[in-house]
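In what follows, every heavy atom counts, from backbone to side chain, and hydrogens, waters and symmetry copies are set aside. Within every chain, numbering begins at 1; the chains are lettered A, B, ... in the order of the sequence lines, protein sequences first and strands thereafter.
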Amino acid sequence: MEHVFTIAVKDFYLEHILESGQVFRWHKLAQNFYLLYSGSKVSLVKQDQIASLQIAVQNPEDLAYWKNFFDLQTDYELIKKSIGRRGKKVMREACEYGFGLRIARQDYFETLIAFIISANNNMKRIQRSMLLLSELYGKKIEMPEHFLALLPDEYKGIELYAFPEATDLAQVEPKELRALAGVGYRDVNIAQSAKMVASGISLEALDKLSSPKLLEALQNFAGVGPKVAACIGLFAYHRTNAFPVDVWIKRTMQRLYLNESASPKAIEREGQRRFGRYSGTAQQYLFYYAKELDKR
DNA sequence: TCCCAGGACTACT
DNA sequence: AGTAGTCCTGGG
């Protein structure tokens, strides 16, 4: 059985997808080469050429999961045309800069916890906490034989972990989460939300809801407000019309389309009015570009 | 040593 | 309905 696949891709750039603040559980092994987790699965992904992706999976039937994860069936050329037409020059520059960006379809529970942690936090720290939570409370994943030949020497001994089940995370004391996973005051929110999921609130079932109802339902979880709900809606439930307003998007949207007194709610409305059903995708290009401009 | 960045939530108006 | 103050921690 084959476990390593080469897939033809377009509008796909691994670094932009994984390092744009939507996916947190990965190790960068080399340029354009990552060990990537999602839920209880793991893969090795490498992009040597712009038009092809190499992916090593645990089992051949996992290939469909990862194709879906990377949203490979969607034509981003059309989306970029649409939001480019509806936005100003900066939006078109953002699409160009963030070429190959895609909106991933991620595990519900993992995404819920990731964005609870994201409150008042930065990417490096979110990533650290997410990997720690997995190592501490996740089930160990056996290293697939065929991964070893592909891993760089210094990673051959790495231990692989699934993201914790809600039932397992629900049993951990908040104090411990804070001390061992470095989640700070978000400890109680994580524990509480894990308990809610463990006690039977089905994250899968929420996918049946309309986008407004879904975002409302997500805000019932502890530590989930409008911004975090929009992130979970966008990156787990693939609601491409969800428009998360963080400080970067706030500044950018205020400067480009509104004034500096515009509230987050008004910014969300304007984003959705202007960019329509792909406002969330537009947000992601804009977010990634705004952070880059700030670095320069 | 202090100060800053970064959303949710509470307690106000 | 809108908003000041607080929560934690790594980094300047």
Whole Å only: how far is the [atom1] atom of [X] from the [atom2] atom of [N]?
X      : N      : atom1 : atom2 : value
A:I190 : C:dC7  : CD1   : P     : 18 Å
A:I249 : B:dA5  : CD1   : P     : 18 Å
A:E268 : C:dG2  : CD    : C1'   : 16 Å
A:N120 : C:dG11 : CG    : P     : 16 Å
A:R128 : C:dT9  : CZ    : C1'   : 9 Å
A:R186 : B:dC9  : CZ    : C1'   : 13 Å
A:K175 : C:dC8  : NZ    : P     : 10 Å
A:Y185 : C:dC8  : OH    : C1'   : 7 Å

Which part of the nucleic acid, if any, lies within reach of [X] when heavy atoms closer than 4.0 Å are counted: base, sugar-phosphate only, or nothing?
X      : result
A:N121 : base
A:D246 : sugar-phosphate
A:V183 : nothing

Heavy-atom donor-acceptor pair, A:Q284 side chain to A:S20 backbone, under 3.5 Å: yes
Bend angle of the helix from B:dC2-C:dG12 to B:dT13-C:dA1, end axes from five pairs each (to 10°): 40°
Selection from B:dG6, B:dA8, C:dC8 that lies nearest to any side-chain heavy atom of A:R178: C:dC8
A:Y37-A:F163 aromatic ring centre distance below 6.0 Å: no
Charged N to carboxylate O below 4.0 Å: is that the case for [X] and [Y]?
X      : Y     : result
A:E77  : A:K10 : no
A:K80  : A:D75 : no
A:R105 : A:D71 : yes

A:W248 side-chain N/O to B:dG6 phosphate OP1/OP2 under 4.0 Å: yes
Other residues, nucleotides, ligands: >12 heavy atoms within 6.0 Å of A:E154 CD: yes
Evaluation steps, ring pair (Phe, Tyr, Trp, His ring centres under 6.0 Å), between A:F115 and A:F24: CA-CA 10 Å; A:F115 285 94; A:F24 298 102; 5.6 Å; yes
